[in-house]
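Letters A, B, ... are given to chains in the order of the sequence lines, protein chains preceding strands, and every chain is numbered from 1.
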Amino acid sequence: MAAEQQTSRFKRRKMVPADDVDRKNPYLAHMYNDNESQHDSGVSLSDAASLNGHPNGNGSNGSAMKRHATTMKQAQTAEDGPHNYFKPAAQLSDRYFGILKTRRGLPVHAQRQEFLDMYQKTQILVFVGETGSGKTTQIPQFVLFDDLPQSQAKMVACTQPRRVAAMSVAQRVAQEMDVTLGEEVGYSIRFEDMTSPKTILKYMTDGMLLREAMNDHNLTRYSTIILDEAHERTLATDILMGLLKEVVTRRPDLKLIIMSATLDAQKFQKYFMNAPLLAVPGRTHPVEIFYTPEPERDYVEAALRTVLQIHATEPEGDILLFLTGEEEIEDACRKIRLESDDMIREADAGPLEVYPLYGSLPPAQQQKIFSAAPAPFKTGGRPGRKCIVSTNIAETSLTIDGIVYVVDPGFSKQKVYNPRIRVESLLVSPISKASAQQRAGRAGRTRPGKCFRLYTEGAFKKELIDQSYPEILRSNLASTVLELKKLGIDDLVHFDLMDPPAPETLMRALEELNYLACLDDEGELTALGKLASDFPLDPALAVMLISSPEFYCSNEILSLTSLLSVPQVFVRPAAARKRADEMKELFTHTDGDHLTMLNVYHAFKSPSAQDNPKQWCHDHFLSYRALQQADNVRLQLKRIMEREEVELVSTPFEDKKYYENIRRALVAGFFMQVAKRESSGKTYVTVKDEQSVLLHPSTVLGQDSEWVVYNEFVLTSKNYIRTVTAVKPEWLLEISPTYYNVEEFRKGEVKSSLMKVRDRANRRAAVAPAGRR
DNA sequence: GCTAAGATC
């Protein structure tokens with residue numbers, strides 16, 4: 001059978017099981033050569049009791065524990081109950097003891113004493129724990145029993161890159177500690193603060209901790225801060241690391257734990273003044289890796305072929321295929337379904353259920369990936385299985401049990417930033433070795449699995465970089481620089497980041513903030529800049545919002561800002577493009593996409609739509625989720641505006657300047673994102689950078705607008721500007737004279753055109769009576 | 001002729 005042959009084209013390669021790796025792990029050297037026996041005996045209960053008093057003032061159970069001098073034995077005694085150590089009045093439940101037994105079987109538990117020894121000795125600790133080690137749930141609890149934050153009226157914080165992780169881990173740990181979620185154990189994410197004055201352990205997003213740091217530079221509420229998943233190197237984690245590196249010197253009482261997957265632990269150690277490192281093995285099943293002997297020309301085609309081969313020839317087990325984006329995924333799903341139907345008819349294959357998975361999929365659709373694989377057509381027949389075709393959301397954010405086969409073509413969409421043309425865009429790029437490993441690991445969650453890499457072993461070794469570049473090296477840093485200024489970091493150039501961005505990127509950010517008048521010419525934060533940093537928004541959006549009362553439309557700009565900070569509100573399913581476009585026309589404002597979006601929002605908030613908003617959105621091909629989210633953001637921003645006394649005003653809808661005012665306010669924030677149509681008629685050129693661009697095909701704007709502001713630059717098959725609205729050149733000169741200092745423009749169509757406009761305006765001004773202007 | 005995913009007092 002052809003499929004059989006093709007499978008054997010994969011070169012077999014045995015992957016070493018995680019445990020073996022760890023035995024040979026040089027980071028673990030310290031485990032085997034020193035004084036671990038000294039703690040083995042532990043402190044006897046009576047010894048412990050003679051130490052300091054119980055921090056709760058209640059020694060009802062466990063032994064008295066001295067802060068930063070406790071032992072594993074003491075903690076375990078306390079955990080063994082019968083009373084809840086952190087809630088002395090409460091008796092521990094049966095469920096608690098059930099979970100406790102499981103917890104004590106986790107790999108981290110075997111090294112609890114070792115962890116305590118290191119934690120007590122050092123201010124900063126790097127902790128490496130692989131998947132399945134239990135680090136995220138257990139380490140914070142180990143810390144609690146030694147740090148005793150309640151005795152200092154402080155908390156232990158544990159950051160996560162994702163909201164869902166912060167929520168679900170907090171939920172789990174509250175159960176493990178037999179407390180109510182939101183009391184002793186809570187979480188804090190945007191739009192939801194699930195903590196109380198009782199809280200001693202708080203899981204939170206890294207962005208949330210960063211926001212807190214802006215108002216409390218020393219993070220005084222915390223006695224220990226744990227940065228989890230630090231290897232993901234999110235922008236917020238990177239900045240927190242730089243910040244905390246300074247905070248620890250100002251606050252000798254603060255302890256810091258950096259938790260990461262193994263790969264670059266030494267880098268963290270080095271960065272944190274050679275902090276000691278503790279490594280704990282994970283618990284996963286071995287995954288066999290296969291490579292293609294030759295490079296594949298068309299990775300999608302190769303991926304489909306591989307999936308079908310697995311279905312035809314491999315034993316029972318579900319398949320996970322990684323592709324790069326929505327359209328590619330939907331297309332692949334369609335093709336796999338077609339082919340598998342043929343296989344069922346012609347080759348007696350088992351049933352195959354195919355599910356797409358990507359972030360913008362409605363939650364109900366996302367949930368489907370967890371449904372059980374289909375049963376064989378008849379008992380004893382060929383196994384049924386499910387195949388999930390996913391973006392890299394399945395690499396870190398979503399874990400699907402039951403996956404035995406992973407197909408990895410080796411690509412993902414990644415953000416790249418080019419400071420020269422100031423364009424952030426998404427490009428399909430090769431993944432890193434670390435990502436490839438993470439993907440392979442998805443096959444070994446429940447039992448031994450196989451991973452088919454659609455590239456050669458040579459390519460894996462030589463062409464893939466070890467780690468993806470951290471986000472800070474791939475982003476426009478305007479909002480980061482503003483945050484750093486607000487964090488009290490004056491000297492950005494010498495701020496010690498783990499991977500300092502290119503000087504050009506920093507310069508661009510400073511320049512942009514200076515044009516936005518958030519920083520003065522000395523680089524100091526202005527009043528506007530301070531105010532802008534209070535909003536969880538990109539600087540351009542924040543400035544637009546803050547300026548909008550001057551244009552009598554802050555209510556409208558508030559709505560628009562919210563809409564621009566959430567995913568696309570227009571839905572356009574491949575099967576109903578025409579109807580979707582017709583529906584969009586109902587909202588179209590011919591002057592631009594911004595105004596069209598605003599029309600959508602107003603319609604959404606109208607009583608007739610609010611009657612059954614979900615249905616209404618469905619009928620009008622709009623994303624209910626996005627609009628709801630926009631509503632949420634709007635409320636949050638509105639509260640900040642009220643607090644900061646930014647006026648909320650509107651131009652009456654009947655006023656003929658209603659839309660014009662909104663368009664002018666757009667210019668106040670986005671004057672740097674303006675393009676002019678070239679005389680040739682089809683293409684546009686961005687001002688100053690002179691990039692040749694096209695209007696994105698989704699725009700409502702015709703080709704008749706000479707000047708437009710755009711919300712984003714997307715670099716896909718061509719250079720597009722997306723979400724565009726027509727503006728008048730005289731507004732540019734009037735609203736942002738510093739940026740539109742025409743003399744400084746490079747010679748060209750933009751310059752000559754703006755000069756004409758300026759001269760016309762000047763003539764008019766000269767003629768007009770002084771009092772009239 | 002449209003292409004990620006995660007985050008923000």
Visitor: Given A/Tyr358, which partner from the list A/Glu330, A/Gln366, A/Gln365 fulfils the side chain to side chain donor-acceptor pair (under 3.5 Å) test?
Guide: A/Glu330
Visitor: In whole angstrom, what separates A/Ile329's CD1 from B/dT3's P?
Guide: 14 Å
Visitor: Rounded to the nearest Å, what distance is computed from the CG atom of residue A/Leu240 to the P atom of nucleotide B/dA7?
Guide: 15 Å
Visitor: Whole angstrom is fine here: how far is it from OH in A/Tyr720 over to P in B/dG1?
Guide: 7 Å
Visitor: Classify the nucleic acid contact of A/Arg163 as base, sugar-phosphate or nothing, counting any heavy atom under 4.0 Å across all strands shown.
Guide: sugar-phosphate
Visitor: Between B/dA5 and A/Tyr358, is there an OP1 or OP2 to side-chain N/O distance shorter than 4.0 Å?
Guide: no
Visitor: Nearest to the A/His696 side chain among B/dT8, B/dA5, B/dC2, which nucleotide is it?
Guide: B/dC2
Visitor: Side chains of A/Ser705 and A/Arg677 only: does a donor on one sit below 3.5 Å from an acceptor on the other?
Guide: no
Visitor: What contact category does A/Glu212 fall into here, base, sugar-phosphate, or nothing, at under 4.0 angstrom with non-hydrogen atoms?
Guide: nothing
Visitor: Below the 4.0 Å mark, does B/dT8 have OP1 or OP2 next to a side-chain nitrogen or oxygen of A/Thr205?
Guide: yes
Visitor: Which part of the nucleic acid, if any, lies within contact of A/Thr324, taking any heavy atom under 4.0 Å across all strands shown: a base, the sugar-phosphate backbone alone, or nothing?
Guide: sugar-phosphate
Visitor: For A/Leu235 and for A/Ile640, find the nucleotide of DNA chain B with the closest heavy atom, then tell me which residue's nucleotide is more 5'.
Guide: A/Leu235
Visitor: Taking atom types as modelled, find out whether A/Tyr417 and A/Glu471 have a side-chain donor-acceptor pair closer than 3.5 angstrom.
Guide: no
Visitor: At under 4.0 Å between heavy atoms, what does A/Asp534 touch on the DNA or RNA strands: base, sugar-phosphate, or nothing?
Guide: sugar-phosphate
Visitor: Separation of A/Arg162 atom CZ from B/dA7 atom P, in whole Å?
Guide: 7 Å
Visitor: From CD1 of A/Ile431 over to C1' of B/dA4, roughly how many Å is that when rounded to an integer?
Guide: 14 Å
Visitor: Under the criterion side-chain hydrogen bond (donor to acceptor under 3.5 Å, both in side chains), I'd like the reasoning laid out for A/Thr683 against A/Glu678: C-alpha separation, chi angles, the key distance, then a yes or no.
Guide: CA-CA 6 Å; A/Thr683 53; A/Glu678 289 181 299; 2.4 Å; yes
Visitor: Nearest to the side chain of A/Ile393 - B/dC9, B/dG6, B/dG1?
Guide: B/dG6
Visitor: Mind calculating the distance between CD (A/Gln636) and P (B/dT8) to the nearest angstrom?
Guide: 9 Å
Visitor: Just by distance, with hydrogens left out, do A/Thr237 and A/Asp206 show a side-chain donor and acceptor under 3.5 Å apart?
Guide: yes
Visitor: On DNA chain B, does the nearest nucleotide to A/Gln414 precede the nearest nucleotide to A/Glu483 from the 5' side, or the other way round? Give the residue.
Guide: A/Gln414
Visitor: In whole angstroms, how far is the C1' atom of B/dT3 from the NZ atom of A/Lys413?
Guide: 3 Å
Visitor: Round to the nearest Å and state the distance from A/Glu229 atom CD to B/dA7 atom P.
Guide: 13 Å
Visitor: Would A/Arg439 pass as a cation-pi partner of A/Phe322, given that its NZ or CZ must be under 6.0 Å from the six-membered ring centre and within 45 degrees of the axis?
Guide: yes
Visitor: B/dA5, B/dG1, B/dT3: which one has an atom nearest the side-chain heavy atoms of A/Pro697?
Guide: B/dG1
Visitor: Need one value for A/Phe191: base, sugar-phosphate or nothing, where a base atom within 4.0 Å counts as base even if backbone is also close, heavy atoms only.
Guide: nothing
Visitor: Can you tell me whether the side chain of A/Arg572 and the base of B/dC2 have a donor-acceptor pair closer than 3.5 Å?
Guide: yes
Visitor: According to a strict under-4.0 Å criterion, is A/Thr391 in side-chain N/O contact with OP1 or OP2 of B/dA5?
Guide: yes
Visitor: Ignoring hydrogens and geometry beyond distance, is the side chain of A/Glu232 in donor-acceptor contact with the base of B/dG6 at under 3.5 Å?
Guide: no
